[in-house]
Amino acid sequence: DGGITQSPKYLFRKEGQNVTLSCEQNLNHDAMYWYRQDPGQGLRLIYYSQIVNDFQKGDIAEGYSVSREKKESFPLTVTSAQKNPTAFYLCASSEMDTQYFGPGTRLTVL
Amino acid sequence: AQSVTQLGSHVSVSEGALVLLRCNYSSSVPPYLFWYVQYPNQGLQLLLKYTTGATLVKGINGFEAEFKKSETSFHLTKPSAHMSDAAEYFCAVRRWGTNAGKSTFGDGTTLTVKP
């Protein structure tokens, strides 16, 4: 089955630690995205990549970093510089007009 | 600039009743419009989209939406609610010709369906 996988589903982190969230797609899409979702709010774009080895900052990139070494993979690192990292993180890829979303990773900072 | 306003953060209906979730947008150029559904602790699933052509768009699970340019609206409807429709719904807008990363999402509407 084609789709987007995110792992882990739940992640706990101590303050001051970096953590990397995985996103893999087998849809052969060029474009991939990372969003952050907080309760009562819509999705906010962190980073996006339209092609391998290239990515752009979204609206809230501070404290996050990404890489795009393979078409299938777009990992997101939440660094210790992110002041309020507890949130639900969604990865997506797109073809033409439509975005397809992964199941999400819920990150909690203890 | 573009923006989306979803009127009503919570909507409650009885099973079998009409579902109406409201979405108004602003966009300086013709928009693409989307409705997504999200179940707890899951990703977003596309319900339907308007790009060009027919202004009444039919989607999955019996939902439909009508693009009304004069009212800058794209309200989501379903004639008869089912318990399985309980979820959070997001409206999104994107300017014609821009890539998906330029989408703006509304704050979401939580739909509750009462038995």
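Bear in mind the structure is a predicted one, so any value in this text is a computation, not a measurement. Just so it is clear: chains get the letters A, B, ... in the order the sequence lines come, proteins before strands, and each one is counted from 1.
- For a residue to count as touching a neighbouring chain, one of its non-hydrogen atoms must lie under 4.5 Å from one of that chain's; by this rule B/T51 touches chain A with the side chain only.
- Exactly one residue among B/D107, B/T109, B/L44 makes a side-chain contact (heavy atoms from CB on, under 4.5 Å) with B/F90. That residue is B/L44.
- No donor-acceptor pair under 3.5 Å is formed between the side chain of A/H29 and the backbone N or O of A/A31.
- Heavy atoms closer than 4.5 Å to chain A are found in the side chain of B/L46, but not in its backbone.
- Heavy atoms of A/Q6 lying under 4.5 Å from chain B are absent altogether.
- For chain B, the nearby part of A/Y10 is the side chain; its heavy atoms alone come within less than 4.5 Å.
- Between the side chain of A/K70 and the main chain of A/E24, no donor-acceptor pair closer than 3.5 Å is present.
- Judged by the 6.0 Å distance and 45° axis criteria, B/K49 is not positioned over the aromatic ring of B/F34.
- Ranked by heavy-atom pairs under 4.5 Å with chain B, the list A/M32, A/R106, A/Q50, A/Q37 is led by A/Q37.
- Neither the backbone nor the side chain of B/Q6 comes within contact range of chain A, judged by heavy atoms closer than 4.5 Å.
- If you measure heavy-atom distances from A/L45 to chain B, the contacts under 4.5 Å come from the side chain alone.
- Side-chain contact check for A/Y89 versus A/Y35: every heavy-atom pair is 4.5 Å or farther apart.
- Contact of A/Q56 with chain B is not made at all, since no heavy-atom distance falls under 4.5 Å.
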Worksheet item: Can you check side-chain contact (heavy atoms from CB on, under 4.5 Å) on A/L76 and A/I46, steps first, answer last?
Response: CA-CA 9 Å; A/L76 173 73; A/I46 303 172; 4.2 Å; yes
